[in-house]
Amino acid sequence: MIYSKENRRCIPAHPFTYKCKGSDEVVAIDPEEIYRLASESNNEALKSIIQKTLSMPCRINGTDIYGAVVVFKNLLYRDGNTYMDCGGPSTVTIDMVAINKARRSSEKEMIYTYEAVVEGTRYYMYLLSYSESLTKTLEEAGIKIGKPTEFYLGRGTSRGYGLAEVTFRNRNQLLEKLENLYRESIHESRSLVLYTLSPVWAPNSHGLPEFREFEGVKLEKAYYTATTVYKGWSNLTNTPTPLVSALAPGSVVVYRVEGPKGTPESLGELNILAQRYGGPGTNFMIPIQGLNHILSS
């Protein structure tokens, strides 16, 4: 899922992204360069670029200043050739009380507080399915492509998470570009350098998906920060369960391709297979070379 702010698309920063304290400008190593060096397993060149980036002067209010440079882990957007700190969605805190329907008065000891996303906040998400099954499902539900549809989130209208307006669109041009980059990676560099748009988790190989169904794809390494994923909720204990340690969105995972014939036929097939390991909402990955296409599309 991708967040939008002021009509700019915000995505999770990859691990080779840095920021000067006191500035909104973000310094990010170009995704094309990360792809080239990671596919060549050129760790020394990658370290050299990181050291050079960390030694760069900060640019604050138009002036070069040598200041503290820290790893940037939040969302960023692209403004021309510059990356900027996107911040996060604006929220409001609301205090409410439960109302007794019979007495039409507040219930004793039933005050509660929740944090809500500000009305008008926009998100983007990508959905994949086999063949035309997703289109068929939308048609059966009476949802038209390109037309907004209202959804109630949560349980009902009074105790749910509010109302969302969802518009489904075909992004064939972008998906075809990502597909072409996937095929080029397999046939030319014989490696997949994948950027994660969601948490990545699998119950094997230290939590990373190993595509054992495909002998030609071998897990090589990952550059990441960690996060925690809540996989469910227990009605018995009223607590989240289980808690899963996962790679945070924005992580970079590298797979070595030993032979094109032993790989998933498409990027969509790879993602659907990967979600079988971690479940819906996890393990969504794209070729890192496509990162700028998402920011500018």
Side-chain angles (χ1 to χ4, degrees), residues 11-18 28-54 71-73 128 177-227 229 244-279 282-294:
I11 62 173
H14 58 64
F16 308 102
T17 307
Y18 310 92
I29 297 176
D30 188 79
E32 293 278 354
E33 189 70 5
I34 297 173
Y35 166 71
R36 184 179 67 81
L37 296 176
S39 1
E40 296 172 355
S41 297
N42 196 337
N43 291 326
E44 291 304 316
L46 194 53
K47 288 179 183 177
S48 176
I49 292 178
I50 293 171
Q51 290 170 355
K52 181 179 178 181
T53 305
L54 290 173
V71 176
F72 183 71
K73 300 179 182 179
L128 293 176
K177 181 63 179 178
L178 297 178
E179 189 66 46
N180 289 336
L181 292 172
Y182 169 79
R183 296 181 188 278
E184 289 173 9
S185 297
I186 290 175
H187 292 279
E188 293 181 9
S189 69
R190 294 295 180 90
S191 65
L192 287 171
V193 184
L194 301 175
Y195 164 87
T196 65
L197 281 171
S198 67
V200 171
W201 172 82
N204 56 46
S205 183
H206 305 289
L208 287 168
E210 273 192 314
F211 296 99
R212 295 177 180 176
E213 296 87 342
F214 298 94
E215 296 182 358
V217 182
K218 302 294 183 183
L219 176 64
E220 186 169 276
K221 67 184 70 174
Y223 306 95
Y224 63 92
T225 54
T227 187
V229 178
V244 176
S245 295
L247 274 61
S251 298
V252 177
V253 187
V254 182
Y255 293 92
R256 189 63 52 193
V257 179
E258 297 180 351
K261 291 184 179 179
T263 62
E265 293 184 2
S266 66
L267 178 63
E269 182 182 355
L270 179 138
N271 273 297
I272 290 174
L273 176 63
Q275 289 186 32
R276 291 180 181 175
Y277 297 123
T282 64
N283 299 355
F284 196 102
M285 301 177 280
I286 64 168
I288 194 169
Q289 317 95 287
L291 197 54
N292 286 333
H293 293 284
I294 288 183

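Every heavy atom of this structure was used, including side-chain atoms; hydrogens, water molecules and symmetry mates were not. All residue numbers refer to positions in the sequence shown, counting from 1.
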- Query: What residue pairs, at least two apart or across chains, pass salt bridge (Lys or Arg N to Asp or Glu O under 4.0 Å) with a residue in residues 31-41?
  - Reply: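 As it turns out, the salt bridge (Lys or Arg N to Asp or Glu O under 4.0 Å) pairs with a partner in residues 31-41, which skip direct neighbours, are Glu33-Arg36, Arg36-Glu40.
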- Which residue pairs satisfy the salt bridge (Lys or Arg N to Asp or Glu O under 4.0 Å) criterion with at least one member in residues 248-267, sequence neighbours excluded?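 Counting only pairs at least two positions apart or across chains, the salt bridge (Lys or Arg N to Asp or Glu O under 4.0 Å) contacts touching residues 248-267 are Glu220-Arg256.
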Using the test ring-ring contact (aromatic ring centres under 6.0 Å, His included), find all partners of [X] that sit at least two apart in sequence or belong to another chain.
X: Tyr182; value: none
X: Phe214; value: none
X: Phe72; value: none

Restricting to side-chain contact (heavy atoms from CB on, under 4.5 Å), what partner residues turn up for [X], sequence neighbours left out?
X: Pro15; value: Tyr223, Val252
X: Gln51; value: none
X: Ala226; value: none
X: Thr53; value: Tyr18, Val27, Ile29, Ile49, Met56

- Which atoms form the tightest heavy-atom contact between Tyr255 and Pro209, and what is the distance?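 Smallest interatomic distance, heavy atoms only, reads OH-O, 2.7 Å.
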- Message: Just so I know, are the side chains of Val71 and Thr225 near enough to count as touching, which here means a heavy-atom distance under 4.5 Å?
- Response: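 A side-chain contact is absent here, since even the closest heavy-atom pair is not under 4.5 Å.
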- Can you find a pair of side-chain heavy atoms, one from Arg190 and one from Pro260, that are under 4.5 Å apart?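 A side-chain contact exists here, since the closest heavy-atom pair is under 4.5 Å.
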According to side chain to side chain donor-acceptor pair (under 3.5 Å), who are the partners of [X], at least two apart in sequence or on a separate chain?
X: Ser39; value: none
X: Lys218; value: none
X: Gln289; value: Ser185

- Query: When you look at Tyr277 and Phe211, which way does the side-chain contact (heavy atoms from CB on, under 4.5 Å) test go after all the steps?
  - Reply: CA-CA 10 Å; Tyr277 297 123; Phe211 296 99; 4.2 Å; yes
